[in-house]
Visitor: 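Sharing a structure below in structure tokens format, with a few things to ask.
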Amino acid sequence: MNRPIPPETFYDAVGGHAFFAQLTHEFYRRVAADADFRAMYPEEDLGPAEDRLRMFLEQYWGGPSTYQEQRGHPRLRMRHMPFRITTVQRDIWLGHMRAALATTAISPELEEILLDYLTRAADAMRNTPDDAPAEPRKGLQL
């Protein structure tokens, strides 16, 4: 008896773990080199943040559920609420993510899908009006 082959997930279509590992590594390499933006990340070593983002993206796009198993529900808005995120921070984050994405071999069609999601997600993390006075906040722990 032939079983139907399940449809390929986005995770599989982009190359699975290897793709997301490259994307998040390249992203955090850029974060590490951006002193102002890097200050949002309290950990001395960006490795744990890189792992968390990779696991989140893998799970979101149909890969392993490691993020959920280790950290519970993503609760992205809640996890980002302690940090000042304006349009400026959103745009810097997206700029580093776009540059990281450019290092991958993703097809233009899949890149468009991923960028649409990343843009909407980054926009949803904004929690401070652009004209609000600056105040110190804790570092970022996705």
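If you're wondering where the values come from, they're calculated on a predicted model, not measured in any experiment.
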Visitor: Of the non-hydrogen atoms in R38 and E44, which two are nearest, and what is the gap between them?
Guide: NH2-O, 2.9 Å

Visitor: Mind checking what makes side chain to side chain donor-acceptor pair (under 3.5 Å) contact with T66, not counting sequence neighbours?
Guide: none

Visitor: So among L101, T103, V14, which one has a side chain to side chain contact (heavy atoms under 4.5 Å, CB included) with L23?
Guide: L101

Visitor: Sequence neighbours excluded, which residues qualify as side chain to side chain donor-acceptor pair (under 3.5 Å) partners of T119?
Guide: none

Visitor: Quick one: salt bridge (charged side-chain N to carboxylate O under 4.0 Å, His left out) partners of R29, sequence neighbours excluded?
Guide: E26

Visitor: Do any pairs count as a salt bridge (Lys or Arg N to Asp or Glu O under 4.0 Å) and have a residue in residues 86-106, sequence neighbours left out, and if so which ones?
Guide: R90-D123

Visitor: Residues in ring-ring contact (aromatic ring centres under 6.0 Å, His included) with F27, at least two apart?
Guide: W93

Visitor: Less than 4.5 Å apart, any side-chain heavy atom of M97 and any of L53?
Guide: yes

Visitor: Judged by atom type as modelled, is there a donor-acceptor pair below 3.5 Å linking the side chain of Q22 to the main-chain atoms of F19?
Guide: no

Visitor: Please name all residues satisfying side chain to side chain donor-acceptor pair (under 3.5 Å) with D45, sequence neighbours left out, ordered by chain then number.
Guide: none

Visitor: In the structure I gave you, are the side-chain heavy atoms of L46 and Y41 within less than 4.5 Å of one another anywhere?
Guide: yes

Visitor: Just jot down the side chain to side chain contact (heavy atoms under 4.5 Å, CB included) partners of E50, sequence neighbours excluded, or say none.
Guide: T24, H25, Y28

Visitor: Run the side-chain donor-acceptor check on residues 107-114: report pairs under 3.5 Å with partners two or more places apart or on a different chain.
Guide:
| residue | atom | partner | partner atom | Å |
| --- | --- | --- | --- | --- |
| S107 | OG | E109 | OE1 | 3.4 |
| S107 | OG | L110 | N | 3.2 |

Visitor: In chain order, what residues pass the salt bridge (charged side-chain N to carboxylate O under 4.0 Å, His left out) check against D36, with sequence neighbours excluded?
Guide: none

Visitor: What pair of heavy atoms forms the shortest contact from H96 to F37, and how long is it?
Guide: CD2-CD2, 4.0 Å

Visitor: Taking only residues two or more places apart in sequence, or in another chain, which ones meet E58 in a side chain to side chain contact (heavy atoms under 4.5 Å, CB included)?
Guide: Y11, H17, F20, R54, P64

Visitor: Measure the CZ-CD distance between R126 and Q89 for me, rounded to the nearest 0.5 Å.
Guide: 11.0 Å

